[in-house]
Protein chains: 2
Amino acid sequence: MMIRIEPDSDIAIYTQLTNQIIEGIAKGDIKPGDSLPSVRAFAADLGVNMHTVNKSYHELEKKGIIRIVPKSGAIINIQNGYDNELYTRLREGMKPQIAEAIVFGMSEKDIQNLVKSVVDEFKKSID
Amino acid sequence: MMIRIEPDSDIAIYTQLTNQIIEGIAKGDIKPGDSLPSVRAFAADLGVNMHTVNKSYHELEKKGIIRIVPKSGAIINIQNGYDNELYTRLREGMKPQIAEAIVFGMSEKDIQNLVKSVVDEFKKSID
DNA sequence: ACTTTGTTCTATGAAAACTAGAACAAGGCT
DNA sequence: AGCCTTGTTCTAGTTTTCATAGAACAAAGT
């Protein structure tokens with residue numbers, strides 16, 4: 001899987017990494033059961049510090065997306081389906097963008113089309 | 001308009017303020033032409049520093065949502081409709097949430113329902 | 001005139017992010 | 001058994017961001 005870190009982004013490196021791993025799973029580039037590189041190997045590959053990768057892995061584990069097996073590795077493991085906590089998390093995360101879309105005059109259909117275009121970008125390349 | 005700042009949030013205060021002002025416009029609580037409080041008055045009201053409010057105002061101006069008139073005030077002024085820059089901004093902002101939704105098994109319809117619930121929350125209280 | 005406006009400047013404290021190096025115990029492999 | 005790799009934990013340092021504070025300015029509003 002291809003990861004691209006932008007050091008000058010206003011988004012923290014470990015967050016960039018977390019997001020891109022999630023997007024990689026959404027696209028199907030990585031599947032449940034697959035292993036992520038070791039924190040050291042990944043860090044060397046990306047040109048960042050080991051602890052930065054480690055922080056990202058723990059963020060993914062907290063979200064219930066990977067399982068970290070001490071002395072072994074990190075395996076993609078999606079925890080049980082979507083519950084209220086996930087719903088709330090996603091809602092709060094999308095709120096600012098949706099509000100901004102409305103402010104700029106986008107209709108609900110416009111917004112849904114925008115969302116669909118993002119969904120399609122992920123789903124088109126599955127399998 | 002009611003603004004609620006959470007000092008212990010992991011979201012910066014000026015970002016919280018920016019988002020809530022945008023949401024206030026989306027809900028119709030504030031309308032184009034309305035003035036925002038002066039940076040000093042708003043800061044005193046919220047219990048934060050003047051510069052923090054100022055930073056939020058400039059973020060809103062950069063987004064094209066308000067017009068800051070030096071020595072006068074900040075007026076809600078939505079710049080011309082949605083262009084490619086806005087589209088890209090919104091897409092990038094929603095990407096992480098949509099990817100996470102897909103990862104957890106949500107269908108496109110599920111995601112659209114979630115989006116609709118957020119849109120409705122804003123639009124229900126217009127006028 | 002007087003107040004209020006946004007702006008600009010310097011300064012400081014606190015927290016977050018990132019890097020660095022070292023050490024540890026345990027799993028995997030030969 | 002021996003060796004390498006694993007994630008983990010610890011201390012340490014730097015840089016950046018965020019938020020605060022105070023002062024001063026020129027100009028708009030009253």
Side-chain angles (χ1 to χ4, degrees), chain A residues 1 3-22 30 33-77 79 93 96, chain B residues 1 3-22 30 33-77 79 93 96:
Chain A
M1 185 188 49
I3 298 285
R4 221 176 62 93
I5 296 297
E6 297 184 25
D8 292 342
S9 169
D10 56 341
I11 302 173
I13 295 176
Y14 74 92
T15 303
Q16 291 183 50
L17 182 55
T18 300
N19 287 343
Q20 290 189 41
I21 290 173
I22 295 176
I30 329 171
D34 288 354
S35 291
L36 292 177
S38 76
V39 290
R40 286 175 234 258
F42 215 171
D45 184 28
L46 298 173
V48 300
N49 193 273
M50 169 190 67
H51 300 96
T52 306
V53 176
N54 194 253
K55 189 171 182 179
S56 172
Y57 280 11
H58 280 276
E59 205 185 14
L60 287 166
E61 190 181 42
K62 190 180 169 195
K63 284 176 180 286
I65 293 178
I66 71 175
R67 189 166 47 95
I68 301 178
V69 185
K71 320 303 169 193
S72 177
I75 294 101
I76 309 294
N77 184 277
Q79 301 277 25
Chain B
M1 185 186 52
I3 300 285
R4 223 176 62 93
I5 298 296
E6 298 184 24
D8 292 343
S9 169
D10 56 340
I11 302 173
I13 295 177
Y14 76 90
T15 303
Q16 292 183 49
L17 183 55
T18 300
N19 287 343
Q20 290 190 39
I21 290 172
I22 294 176
I30 330 173
D34 288 354
S35 292
L36 291 177
S38 76
V39 288
R40 285 175 233 259
F42 215 170
D45 185 28
L46 298 173
V48 300
N49 192 274
M50 170 189 67
H51 301 96
T52 305
V53 176
N54 194 253
K55 190 170 182 179
S56 172
Y57 280 11
H58 280 275
E59 205 185 14
L60 287 166
E61 190 182 40
K62 191 179 170 195
K63 284 175 181 285
I65 293 178
I66 71 174
R67 188 167 48 94
I68 301 178
V69 185
K71 320 304 167 192
S72 177
I75 294 102
I76 309 294
N77 185 277
Q79 301 277 26

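Note that the structure is a prediction, hence the values are computed from the model and not measured. Just so it is clear: chains get the letters A, B, ... in the order the sequence lines come, proteins before strands, and each one is counted from 1.
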- Item | Point-to-point distance, once rounded to the nearest 0.5 Å, from CG of Asn49(A) to CD1 of Ile13(A) | 9.5 Å
- Where do Gln20(A) and Met1(A) come nearest, in terms of heavy atoms and distance? O-SD, 4.0 Å
- Message: So, taking the atom named CD in Gln16(A) and the one named CD1 in Ile5(A), what distance separates them when rounded to the nearest 0.5 Å?
- Response: 5.0 Å
- Message: Quick check for you: to the nearest 0.5 Å, what is the distance between Met50(B) atom CE and Lys55(B) atom NZ?
- Response: 14.0 Å
- Rounded to the nearest 0.5 Å, how far apart are CD1 of Ile22(B) and CD1 of Ile76(B)? 10.0 Å
- Message: Measuring only between side-chain heavy atoms, which start at C-beta, is Asn19(B) closer than 4.5 Å to Thr15(B)?
- Response: yes
- Task: Kindly compute the distance separating OG (Ser72(A)) from CD1 (Ile75(A)), expressed to the nearest 0.5 Å.
- Result: 5.0 Å
- Do any pairs count as a salt bridge (charged side-chain N to carboxylate O under 4.0 Å, His left out) and have a residue in residues 60-70 of chain A, sequence neighbours left out, and if so which ones? Lys63(A)-Glu100(B)
- Item | Degree of bending in the helix from dA1(C)-dT30(D) to dT30(C)-dA1(D) once both end axes are built from five pairs, to 10° | 40°
- Query: More 5' along DNA chain D: Thr15(B) or Ala41(A), using each one's nearest nucleotide?
  - Reply: Ala41(A)
- Pairwise side-chain contact, Val48(B) with Tyr14(B), heavy-atom cut-off 4.5 Å (strictly under): no
- Task: Tell me which residues in residues 52-61 of chain B put a heavy atom below 4.0 Å from DNA chain C, sorted by number, or none.
- Result: Asn54(B), His58(B)
- In short, Ser56(A) meets Thr18(A) closest at the heavy-atom pair OG-OG1, 2.9 Å
- Is the closest side-chain heavy-atom distance between Leu17(A) and Thr52(A) below 4.5 Å? no
- Message: I'd like the 5' and 3' limits of the part of DNA chain D contacted by chain A, with heavy-atom contacts below 4.0 Å.
- Response: dT6(D) to dC10(D)
- Test log, rule side chain to side chain contact (heavy atoms under 4.5 Å, CB included), inputs Asn77(B) and Gln79(B): CA-CA 6 Å; Asn77(B) 185 277; Gln79(B) 301 277 26; 4.3 Å; yes
- Mind checking the CG-CD1 spacing from Leu60(B) to Ile66(B)? Nearest 0.5 Å is all I need. 5.0 Å
- Task: Pull out every residue in residues 43-50 of chain B that has a heavy atom closer than 4.0 Å to any atom of DNA chain D, ordered by number, or say none.
- Result: Val48(B), Asn49(B), Met50(B)
- If the sugar-phosphate is the primed atoms plus P, OP1 and OP2 and the base is the rest, what is the B/S/- string for nucleotides 24-30 of chain C, using protein heavy atoms under 4.0 Å? -BBS---
- Gln16(A) or His51(B), whichever maps to the more 5' nucleotide of DNA chain C: His51(B)
